[in-house]
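Order of listing sets the numbers, starting from 1, for every ligand and every atom in it. Please read these numbers as outputs of a predicted model, since none were measured by experiment.
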Amino acid sequence: MYSLAIHGGAGARPRAPLSAERERAYHRGLAQALSAGEAILANAGCALDAVEAAVTVLEDDPLFNAGRGAVLTRDGTVELDAAIMDGKNLRAGAVAAIKHVRNPVQLARRVLEDGGHVFLVADGAEQFAEAVGFVPVANDYFITPYRQQQLAALSRQHELSALDEPPFGTVGAVARDSAGQLAAATSTGGMTGKRPGRVGDSPVIGAGTYADNHTCAVSTTGHGEWFLRTLQAYDIAARMRYAGATLSEAVSEAIEQRLPRLGASGGLIAVDHRGEIELRYNTPAMFRASVRSGAPASIHIY
Ligand code: ASP
């Protein structure tokens, strides 16, 4: 029995409702990512490969805030963060503030496999990427006209340092494979108009990404500073481990109590060791999809 869930970010409802065409495009993107991950799980593949495959598809899709189509820094460049974690042995790989690696989640996976370190950033991460055979891409590859318009609109409002509602975007996946192994991956461009060098929760193990076979796998999205301060992904696992909470109880506490009390908005996806899935958010919407073996997939935005 396997379970897989993905997200394409949680955030405020866009000022204008999504057009039917754009909504269909988001559905298509989520469906493609879900089936890339499910194809691996259905063939007895491992959870780690499934989350990497699903996130890779979302990174390549310009609609989402990860890889191509990621949001821009206040300087108009793209800086990407990603992490991946294997719940079997707590091995993890993460990269941050990278500008030339097409699929950051794949680089995070190489960091995990390499094993010497967990977290590489900026130039050092790019050097590692080249050393292990990643072909660098120009930063322009990631930049889309839509994100340029978004940054321009934000600059006009002089809100660069006051963003508290992240736009839709960051992507993630959590899975339980048929052998009972859990894994999580998250990838993002961060928040529109962020300061160059700013790193959010997504690539920080325990904040935006966490997996432990004994408890759960979690990938978060939302106002990263708060998810960093609360070590949100690990907090869910810790509630299960130390307080004996179920996944649903642990996630409810986070989304309905703790984060709102702090004024933090966002969401998360999680799967536990029994394959139970949670997709929860306290924002108006979260792009999300999930599937379990033998059941139809579900894909939702609002
Ligand atoms: N959590 C991400 C960050 O703060 C943004 C998001 O999920 O939209 O970098």
* Which ligand 1 atoms, with their elements, are less than 4.0 angstrom from a heavy-atom of G190? -> 5 (C), 9 (O)

* Atoms in ligand 1 with a heavy atom of S202 nearer than 4.0 Å -> 1 (N), 2 (C)

* Structure fact -> Here the pair of heavy atoms bringing V95 nearest to P203 is O-CB, 3.5 Å

* **Residue-ligand contact R198/ligand 1, heavy atom below 4.0 Å** => yes

* R147 (side chain) donor-acceptor with G69 (main chain) under 3.5 angstrom -> yes

* To do: Could you list which atoms of ligand 1 come closer than 4.0 Å to a heavy atom of T221?
  => 6 (C), 7 (O), 8 (O)

* Asked: Between K194 (side chain) and E79 (backbone), is there a donor-acceptor pair under 3.5 Å?
  -> yes

* Asked: Is G9 in contact with ligand 1, taking contact as a heavy-atom separation below 4.0 Å?
  -> no

* Asked: Counting each atom of ligand 1 from 1 as listed, which ones have a heavy atom of T170 under 4.0 Å away?
  -> 2 (C), 5 (C), 6 (C), 7 (O), 8 (O)

* Asked: Looking only at heavy atoms, which two atoms of V251 and R280 are closest? And how far apart?
  -> CG1-CG, 3.6 Å

* **Y146 six-ring centre to R22 NZ/CZ under 6.0 Å and within 45° of normal** => yes

* What are the atoms of ligand 1, with element, lying closer than 4.0 Å to any heavy atom of M191? -> 4 (O)

* May I ask you to say whether R229 pairs ionically with E225, meaning some side-chain N is under 4.0 Å from a carboxylate O? => no

* Using distance alone, determine whether T220 and ligand 1 share an N or O pair under 3.5 Å. => no

